[in-house]
There are 2 protein chains.
Amino acid sequence: MSRKRLDTQALFEGIRSGDKLLLSRAITLVESSLPIDQVKAQELLAKCLPHTGRAFKIGITGVPGVGKSTFIDSFGTYLSSLGKKIAILTIDPSSVNSRGSILGDKTRMNRLSHDPMAFIRPSPTAGTLGGVASKTREAMLLCDAAGFDLIIVETVGVGQSETLVRDMVDFFLLLMLPNAGDELQGIKKGIMEMADAIGINKSDGRYLEKARQAKVSYSQALRLFPIKKSQWRPKTFLCSGLEGKGMDNCLHIIEEYHQLVSQNGFLEKLRGTQKLDWFQQDIKKQLLDKFFSEEAINTQIHELEKAILENRLSPKQAASTLINNWISRFHLE
Amino acid sequence: MSRKRLDTQALFEGIRSGDKLLLSRAITLVESSLPIDQVKAQELLAKCLPHTGRAFKIGITGVPGVGKSTFIDSFGTYLSSLGKKIAILTIDPSSVNSRGSILGDKTRMNRLSHDPMAFIRPSPTAGTLGGVASKTREAMLLCDAAGFDLIIVETVGVGQSETLVRDMVDFFLLLMLPNAGDELQGIKKGIMEMADAIGINKSDGRYLEKARQAKVSYSQALRLFPIKKSQWRPKTFLCSGLEGKGMDNCLHIIEEYHQLVSQNGFLEKLRGTQKLDWFQQDIKKQLLDKFFSEEAINTQIHELEKAILENRLSPKQAASTLINNWISRFHLE
């Protein structure tokens, strides 16, 4: 018992002092699905909670091949040169099924992975996409308490993960290729609409002219969307992760956004709404987990399934029977 | 009390005798969200349940403009000419938000809407897409008990509703336009993969040659998918809803499929799996409904939300508190 408490306290102190090894261990603890680890994780998160809210959180997405890792490598290195501490987390929907992507994230960010100001953590590789998102949110909370100035969440691939990431960050950046034009490179309109900025990556060498044209057409496209609740008008910029160009523009846009949404109260409101959404999701998840983990419930489900297959009960009747039994059982105890 | 019982019994007898007006009223009852109606609906469904399993259920989808209604009008009229009774239900995702589509379904199926062998029922217009699907499943159960030989579920538009419909039918038909080629008319690969047959509609007049080419390329595309659990190899056919051509081919394919899956046991297995899936969905829905309808829960949620916004509790901690309180409250009562 005392050892457990010491562990949590040691992890907490390590996190607060910026010890990246202990932060890493803490994230592993949070990602664990063992009940004993979950108890410790909740203890640790509770300790860290009062020390959060300072980090600014950025989500970055774009189709595979757009150069997200190279961009983040450059952008992170630039931020580090300005004395800023950055944490990079990834959400990879493919990891949910395959239990881990083939390429480790550290190898994809060459400079940053050796930068003492940076912390890189790949996507959790177990559970549902919703579960992965929930664990990423908790990892962000730990990074926030560890004193990082910026937390970048990279989402790999284009699909369901964008919405999940949008719901956990303050600012959402979409990276695009210069040879785009109108067909929007398979990026759905809904994802463009979520973006606070569009960076035209690989704006270098022979693509520069095309990139300039793309910037114009994306700017026009962005203007067609209704004004955001944040009152922010999304910006476009040129960049090259490979050559390290446009990183200052990117930071400038983020700072401009940060100033606006801090002043008009949107940032506080957004973070509040996000937390309440997580609360709702967690209620549902925990309630269902609790329910389905009861042995008596599973025995009954098994019996009711037989009745359903024999047409003695409709699925809905069977569900009512199950729920009502459960409720009344509690009342009798 | 006795009047209520009489009503349900009267509805049940009406349904069993093939009274379309009473069937229609019964579906309205099932669609109602009033608690008192829900109790009666469950009573009625329980009465009907032992009389189901005979109807063959077909889902039909395709992009807007492919001519689904005209096809169903022709196909239904053809079936009726063979002495078969058909019920047509629709699932319209847009109705969930707009509370009803602009065009009533009856006006879109001219001949069938006056055919005594046919019954047409538009999509429920309230609730979530999941709720609409659940009500459509119950309407199908009533139609099945009413003695219809075939039940056709039309899904309007291409999107989330296909999977829902696929999960409630025995056979899934995808309609395509003749001028397709490789780009597949915006139909996602996943939807093609669900199809048991592809009908190239509007295969008439000047489109006939194009339609033949399309048939070849769709046949090739279908062959690339892995073999289905049903062991059925999806077929393609030409048809014209407008000219009433190809209806015999369509029926022939359905009969061939029906024979195969009846013999190899897949049909029974499929229907069993579908029912168990609905059971799982209904358990979750009813449990959450029950939970969130408790006044005490909502009071507590409100208090916990305050604690979350003041950073006193993490969303996850707050959710645990709520669930544990609920459970322990039951134990104390």
Side-chain angles (χ1 to χ4, degrees), chain A residues 30 38 41-43 45-46 48-53 134 137-138 141 268 271-292 297 301 304-305 307-324 326-333, chain B residues 30 38 41-43 45-46 48-53 134 137-138 141 268 271-292 297 301 304-305 307-324 326-333:
Chain A
V30 158
Q38 277 300 308
Q42 287 313 309
E43 241 177 77
L45 289 165
C48 289
L49 191 64
H51 305 279
T52 58
S134 152
R137 286 198 305 251
E138 294 178 338
L141 194 153
E268 203 191 330
R271 289 177 174 181
T273 309
Q274 287 175 343
K275 282 184 201 165
L276 297 186
D277 286 348
W278 302 340
F279 180 41
Q280 287 289 332
Q281 290 167 27
D282 276 340
I283 293 174
K284 290 178 190 168
K285 192 186 171 299
Q286 289 190 32
L287 181 62
L288 294 173
D289 283 354
K290 196 78 141 195
F291 184 79
F292 286 110
I297 291 292
I301 285 179
L304 289 166
E305 284 183 342
I308 290 169
L309 290 178
E310 288 163 7
N311 251 9
R312 285 185 284 119
L313 282 177
S314 78
K316 197 174 191 167
Q317 280 177 298
S320 303
T321 307
L322 183 72
I323 305 293
N324 292 334
W326 195 56
I327 303 273
S328 66
R329 192 169 62 81
F330 273 130
H331 281 280
L332 289 173
E333 264 172 13
Chain B
V30 157
Q38 277 300 307
Q42 286 314 308
E43 242 177 76
L45 289 165
C48 289
L49 191 65
H51 305 277
T52 59
S134 154
R137 286 197 305 250
E138 294 178 338
L141 193 154
E268 202 190 331
R271 289 177 175 182
T273 310
Q274 286 175 344
K275 282 184 200 163
L276 297 187
D277 285 347
W278 303 340
F279 179 42
Q280 287 289 332
Q281 290 166 27
D282 276 341
I283 293 173
K284 289 178 190 169
K285 192 185 170 299
Q286 289 189 34
L287 181 62
L288 294 173
D289 283 353
K290 196 76 139 194
F291 184 77
F292 285 110
I297 292 292
I301 285 180
L304 289 166
E305 284 184 340
I308 291 169
L309 291 178
E310 288 164 6
N311 250 10
R312 283 186 284 122
L313 282 177
S314 78
K316 196 173 191 168
Q317 280 177 297
S320 303
T321 307
L322 184 72
I323 305 294
N324 292 334
W326 194 57
I327 303 274
S328 66
R329 194 168 61 81
F330 273 129
H331 281 281
L332 288 174
E333 264 172 15

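Below, read A as the first sequence line, B as the second, and so on, with proteins coming before strands; counting in each chain starts at 1. Source: prediction; values computed, not measured.
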Chemist: If the condition is side chain to side chain donor-acceptor pair (under 3.5 Å), which residues does B:Ser134 pass it with, not counting sequence neighbours?
Modeler: none

Chemist: Which atoms of B:Leu313 come close to chain A, meaning under 4.5 Å heavy atom to heavy atom: side chain ones, backbone ones, both, or neither?
Modeler: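 For B:Leu313, the contact with chain A is made by the backbone alone.
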
Chemist: For residues A:Gln286 and B:Leu322, determine if any side-chain heavy atom of one lies less than 4.5 Å from a side-chain heavy atom of the other.
Modeler: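 They are not in contact (no side-chain heavy atoms under 4.5 Å apart), so the answer is no.
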
Chemist: How far does CG of B:Leu288 sit from CD of A:Gln280, to the nearest 0.5 angstrom?
Modeler: 10.0 Å

Chemist: Pair A:Gln317, B:Leu49 - check side-chain contact (heavy atoms from CB on, under 4.5 Å), show working.
Modeler: CA-CA 11 Å; A:Gln317 280 177 298; B:Leu49 191 65; 4.2 Å; yes

Chemist: Would you please name every residue forming a side chain to side chain donor-acceptor pair (under 3.5 Å) with B:Asn324, sequence neighbours left out?
Modeler: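 A:Lys290.
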
Chemist: Do you know which of B:Ala318, B:Gly53, B:Cys48, B:Gly272 has the most heavy-atom pairs under 4.5 Å to chain A?
Modeler: B:Ala318

Chemist: Which answer fits B:Ile323, side chain, backbone, both or neither, if we ask what part of it has an atom under 4.5 Å from a heavy atom of chain A?
Modeler: side chain

Chemist: Looking at every non-hydrogen atom in both residues, tell me the closest pair between B:Gln42 and A:Lys316 and how far apart they are.
Modeler: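 Heavy-atom minimum between the residues: NE2-CD, 3.0 Å.
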
Chemist: With a 4.5 angstrom heavy-atom cut-off, is it the side chain or the backbone of B:Glu268 that approaches chain A, or both, or neither?
Modeler: neither

Chemist: List the atom of B:Ile283, the atom of A:Ala319, and the distance in Å for their closest heavy-atom pair.
Modeler: N-CB, 3.7 Å

Chemist: Minimum heavy-atom separation for A:Phe279 to B:Pro315, with atom names?
Modeler: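 The answer is CD1-O, 3.5 Å.
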
Chemist: Are the side chains of A:Leu276 and B:Leu309 in touch, meaning some heavy atoms are under 4.5 Å apart?
Modeler: yes

Chemist: Taking the side chain as C-beta and beyond, is there a heavy-atom pair between A:Phe292 and B:Lys284 under 4.5 Å?
Modeler: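 Heavy-atom side-chain distance check passes, below 4.5 Å.
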
Chemist: Given that the side chain runs from C-beta out, which part of B:Arg312 has a heavy atom under 4.5 Å from chain A: side chain, backbone, both or neither?
Modeler: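 The backbone, not the side chain.
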
Chemist: Less than 4.5 Å to any heavy atom of chain B: does that hold for the side chain of A:Gln281, its backbone, both, or neither?
Modeler: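 Looking at A:Gln281, nothing touches chain B.
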
Chemist: So which part of B:Gln274 gets closer than 4.5 Å to some heavy atom of chain A, the side chain, the backbone, both or neither?
Modeler: neither

Chemist: Does the side-chain contact (heavy atoms from CB on, under 4.5 Å) test come out yes or no for B:Trp326 and A:Leu287, once each step is laid out?
Modeler: CA-CA 10 Å; B:Trp326 194 57; A:Leu287 181 62; 3.9 Å; yes

Chemist: Do A:Asn311 and B:Lys275 have side chains that approach each other closer than 4.5 Å (heavy atoms only, starting at C-beta)?
Modeler: yes

